[in-house]
Amino acid sequence: MGSMETIPLWQIVSLASIISWILFSSYLNLTKKIRFLLQPTVTRLVIEDTPFILKVQALQHGALDAFFSVISCVVSVPFYTAFLPLLFWSGHSKLARQMTLLMAFCDYVGNSVKDLVSAPRPSSPPVRRITATKDEKENALEYGLPSSHTLNTVCLSGYLLLYMLSYNSPTDYVVRLAGIIIVCFFVGLIGFGRIYLGMHSLVDVLGGLALGLLILSFWLLVHDDIDDFIISGQNVTSFWAALSFLLLFAYPTPELPTPSFEYHAAFSGVALGIVSGVQQTYYQFHHDKVPKILDPDFTLQCFLGRMAVGIATILIVKFCSKALAKWMLPVMCNTLGIPIRSTSYILTLKDCGGSKAKSESKQMGSFQRMLLFCQESYDVDTGIRFLQYTGLAWSVVDLVPSLFSHLSL
């Protein structure tokens with residue numbers, strides 16, 4: 001009873017609301033009903049956009065192919081995943097954690113809409129689709145609406161601009177106007193590039209733009225409250241872990257399997273690792289008075305040393321956390337009697353999604369059946385991926401800064 005008194009009411013209400021939504025939407029099969037309403041219209045618009053895409057692609061040139069492929073990589077999730085640790089280690093912890101959480105929010109909302117609507121990308125042929133990297137090839141396996149690159153660019157470049165303007169407090173309106181123009185131009189360039197590469201139609205890009213502006217507007221209303229909660233709130237790590245777990249179940253099931261859910265699981269793990277690590281070590285490594293790069297006591301040589309130590313450490317942690325999760329999760333699931341399968345990580349579980357799962361599900365109690373939400377088995381790879389990236393992100397803000405402190409970096 002004493003522990004219940006320490007849990008804020010809003011946390012209980014939030015988690016209970018998500019559980020209610022999961023049960024309610026599953027019972028009424030809302031995903032398929034919403035898809036039935038939206039998918040035909042969006043698909044028609046994608047088809048109608050084909051002549052416009054072909055006109056854009058009439059500009060075809062090798063230099064343009066390379067240029068738009070490169071800038072698409074610069075605003076991709078893997079790039080931000082590599083860039084954000086450097087931002088933490090440079091001393092800009094508040095900006096880094098806000099952009100990490102904003103990225104996780106964008107990723108969840110954008111991919112949820114993709115898989116909810118399950119609208120196709122432009123048909124290739126006749127559209128020429130350019131996938132120069134492995135990441136782009138995987139992106140092409142996702143559904144189209146909205147364009148994640150456009151959505152992410154709107155949110156992250158917009159937030160970065162507002163942060164820089166508030167941090168430096170320029171009084172010259174010309175500087176502010178120039179910043180806004182640069183961000184708008186960059187967003188337009190990314191959107192045009194996605195059409196040129198044949199990855200998206202005009203409706204996908206406009207959908208990403210509209211959703212990005214909506215998410216950014218919402219984030220600007222709540223980002224200070226979220227930061228205050230992470231720094232000094234109650235039950236921060238346990239609440240965020242429960243929230244992350246429930247959001248995995250709240251994610252809509254796509255018409256056909258896509259990599260979108262895997263991306264969400266990974267970045268949701270990143271968000272949990274960052275939150276738990278910052279909450280524990282804020283006053284040691286992440287407060288506002290931490291030296292920032294190029295300050296007199298934080299030289300470029302020191303930052304390069306941090307990069308060398310930090311990158312090596314997080315790669316080791318990523319490998320170890322994956323190995324630990326691959327051993328731990330199957331043991332836990334077997335103990336609880338939850339049938340599992342593995343699509344790629346655990347060879348011995350690759351064929352466990354069929355008759356074995358059905359026979360085991362017949363022997364479950366009511367609590368286990370409630371956990372399964374009518375699924376025959378769960379892909380344990382999702383949990384492995386989630387824990388792997390949780391460990392990696394935690395090391396970025398907790399373990400690695402501790403090493404910096406010991407090494408005087």
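The structure displayed is predicted, hence computed values, not measured ones.
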*Asks:* Check whether the side chains of Arg128 and Ser124 place a donor and an acceptor atom closer than 3.5 Å, and report yes or no.
*Replies:* no
*Asks:* Of all the heavy-atom pairs spanning Cys106 and Ile215, show the shortest one and how long it is.
*Replies:* SG-CG2, 4.0 Å
*Asks:* Applying side chain to side chain donor-acceptor pair (under 3.5 Å), run through Thr31 and Arg35 and close with a yes or a no.
*Replies:* CA-CA 6 Å; Thr31 296; Arg35 183 179 299 141; 5.7 Å; no
*Asks:* Within a strict 4.5 Å, meaning less than it, do heavy atoms of the Phe88 and Val400 side chains meet?
*Replies:* no
*Asks:* Between Phe285 and Ser93, is any pair of side-chain heavy atoms under 4.5 Å apart?
*Replies:* no
*Asks:* Is the backbone N or O of Met103 less than 3.5 Å from a side-chain atom of Asp107, with the two atoms forming a donor-acceptor pair by type?
*Replies:* no
*Asks:* Side chain to side chain contact (heavy atoms under 4.5 Å, CB included) for Ser14 and Leu243? Distances and angles first, verdict last.
*Replies:* CA-CA 9 Å; Ser14 300; Leu243 178 66; over 6 Å; no
*Asks:* Okay, side chain of Lys292, backbone of Ser90: is any donor-acceptor separation there less than 3.5 Å?
*Replies:* no
*Asks:* What's the verdict on salt bridge (Lys or Arg N to Asp or Glu O under 4.0 Å) for Lys94 and Asp288, showing C-alpha distance, side-chain angles and the deciding distance?
*Replies:* CA-CA 8 Å; Lys94 182 176 181 178; Asp288 292 337; 5.8 Å; no
*Asks:* Looking only at heavy atoms, which two atoms of Val113 and Pro146 are closest? And how far apart?
*Replies:* CG1-CD, 3.7 Å
*Asks:* When you measure from the side chain of Thr131 to the backbone N and O of Lys137, does any donor-acceptor pair fall under 3.5 Å?
*Replies:* no
*Asks:* Would you call Arg97 and Tyr282 a side-chain contact if the rule is heavy atoms closer than 4.5 Å?
*Replies:* yes
*Asks:* For the NE2 atom of His287 and the CD1 atom of Ile231, what is their distance to the nearest 0.5 Å?
*Replies:* 11.5 Å
*Asks:* Counting distance only, does the side-chain N/O of Ser201 pair as donor-acceptor with the main-chain N or O of Val46 below 3.5 Å?
*Replies:* no
*Asks:* Evaluate Thr50 against Ser123 for side chain to side chain contact (heavy atoms under 4.5 Å, CB included), listing each step before the verdict.
*Replies:* CA-CA 8 Å; Thr50 300; Ser123 180; 5.8 Å; no
*Asks:* Residues two or more places apart in sequence or in another chain: which of them pass side-chain hydrogen bond (donor to acceptor under 3.5 Å, both in side chains) with Trp394?
*Replies:* Asp398
*Asks:* Start with the C-alpha distance between Tyr143 and Leu256, add both sets of side-chain angles, then the distance that settles side chain to side chain contact (heavy atoms under 4.5 Å, CB included), and finish with yes or no.
*Replies:* CA-CA 9 Å; Tyr143 289 109; Leu256 295 172; 3.4 Å; yes
*Asks:* For Phe68, enumerate each residue passing the ring pair (Phe, Tyr, Trp, His ring centres under 6.0 Å) test, keeping only those at least two apart in sequence or located in another chain.
*Replies:* Phe192, Tyr196
*Asks:* Can you give the donor-acceptor pairs under 3.5 Å from side chains of residues 18-25 to other protein atoms, not counting sequence neighbours?
*Replies:*
unit_1, atom_1, unit_2, atom_2, d
Ser20, OG, Ala16, O, 2.8
Ser25, OG, Trp21, O, 2.7
Ser25, OG, Ile22, O, 3.2

*Asks:* Does Ala271 offer a backbone N or O that forms a donor-acceptor pair with the side chain of Tyr389 under 3.5 Å?
*Replies:* no
*Asks:* Glu138: which residues meet the salt bridge (Lys or Arg N to Asp or Glu O under 4.0 Å) condition with it, sequence neighbours left out?
*Replies:* none
*Asks:* Could you list the residues that satisfy salt bridge (Lys or Arg N to Asp or Glu O under 4.0 Å) with Arg129, not counting sequence neighbours?
*Replies:* none
*Asks:* Check the angle between the aromatic planes of Phe229 and Trp240 and answer parallel, tilted or perpendicular using the 30° and 60° thresholds.
*Replies:* parallel
*Asks:* Between Arg44 and Asp49, is there a side-chain N and carboxylate O pair less than 4.0 Å apart?
*Replies:* no
*Asks:* Decide yes or no for Thr390 and Ser321: does some side-chain heavy atom of the first lie under 4.5 Å from some side-chain heavy atom of the second?
*Replies:* no
*Asks:* When rounded to the nearest 0.5 angstrom, what distance separates CG in Asp379 from CD in Glu262?
*Replies:* 7.5 Å
*Asks:* Would you please test Val275 and Leu101 for side chain to side chain contact (heavy atoms under 4.5 Å, CB included) and show each step?
*Replies:* CA-CA 9 Å; Val275 168; Leu101 298 180; 3.8 Å; yes
*Asks:* Looking at residues at least two apart in the chain, or sitting in another chain, which of them share a salt bridge (Lys or Arg N to Asp or Glu O under 4.0 Å) with Arg306?
*Replies:* none
*Asks:* Taking Leu28's backbone N and O only, do any of them form a donor-acceptor pair with Lys33's side chain (distance below 3.5 Å, no angle check)?
*Replies:* yes
*Asks:* Examine distances only and state if a side-chain atom of Thr281 and a backbone atom of Gln284 form a donor-acceptor pair shorter than 3.5 Å.
*Replies:* no
*Asks:* Check Gly277 against Val397 and note the closest heavy-atom contact, atom names and distance.
*Replies:* CA-CG2, 3.6 Å
*Asks:* Report the distance from atom OG of Ser238 to atom CD1 of Ile7, rounding to the nearest 0.5 Å.
*Replies:* 7.0 Å
*Asks:* Can a donor-acceptor pair be found, under 3.5 Å and without considering hydrogens, that links the side chain of His200 to the backbone of Val205?
*Replies:* no
*Asks:* Is the shortest distance from a Lys or Arg side-chain nitrogen in Asp204 or Arg194 to a carboxylate oxygen in the other one below 4.0 Å?
*Replies:* no
*Asks:* Taking His223's backbone N and O only, do any of them form a donor-acceptor pair with Gln98's side chain (distance below 3.5 Å, no angle check)?
*Replies:* yes
*Asks:* What I'd like to find out is whether the side chain of Thr253 reaches to under 4.5 Å of the side chain of Phe261, using heavy atoms alone.
*Replies:* no
*Asks:* How many angstroms lie between atom CG of Leu214 and atom CH2 of Trp219, to the nearest 0.5 angstrom?
*Replies:* 13.5 Å
*Asks:* State, to 0.1 Å, how close Tyr108 and Leu247 come at their nearest heavy-atom pair, and which atoms those are.
*Replies:* OH-O, 3.0 Å
*Asks:* Return the minimal non-hydrogen interatomic distance between Cys155 and Gly212, and the atom names on each side.
*Replies:* SG-O, 3.2 Å
*Asks:* Please check if the side chain of Lys318 supplies one atom and the backbone of Leu392 the other of a donor-acceptor pair under 3.5 Å.
*Replies:* no
*Asks:* Got Leu145 and Lys114 here, is their nearest side-chain heavy-atom distance under 4.5 Å?
*Replies:* no
*Asks:* What is the distance from atom CE of Met199 to atom OG1 of Thr150, rounded to the nearest 0.5 Å?
*Replies:* 11.5 Å
*Asks:* A side-chain contact here means heavy atoms from C-beta on lying under 4.5 Å apart; do Thr258 and Leu141 qualify?
*Replies:* no
*Asks:* Could you go through the ring-ring contact (aromatic ring centres under 6.0 Å, His included) check for Phe239 and Trp10 one step at a time?
*Replies:* CA-CA 11 Å; Phe239 171 75; Trp10 71 267; 5.1 Å; yes
*Asks:* Just verifying a value: how many Å separate Ser118 OG and Glu142 CD, rounded to the nearest 0.5 Å?
*Replies:* 11.5 Å
*Asks:* If you count every heavy atom of other residues, nucleotides or ligands that lies below 6.0 Å from Met328 atom CE, does the total exceed 12?
*Replies:* yes
*Asks:* Verify the distance criterion only: is there a donor paired with an acceptor across the side chains of Gln11 and Gln234 at less than 3.5 Å?
*Replies:* no
*Asks:* Go through the steps to decide whether Asp115 and Tyr251 satisfy the test side chain to side chain donor-acceptor pair (under 3.5 Å), and finish with yes or no.
*Replies:* CA-CA 9 Å; Asp115 284 350; Tyr251 190 91; 2.7 Å; yes
*Asks:* Considering non-hydrogen atoms only, spot the tightest contact between Ser260 and Asn111 and give its length.
*Replies:* O-ND2, 3.3 Å
*Asks:* So do the side chains of Trp89 and Ile311 get within less than 4.5 Å of each other, counting heavy atoms only?
*Replies:* yes
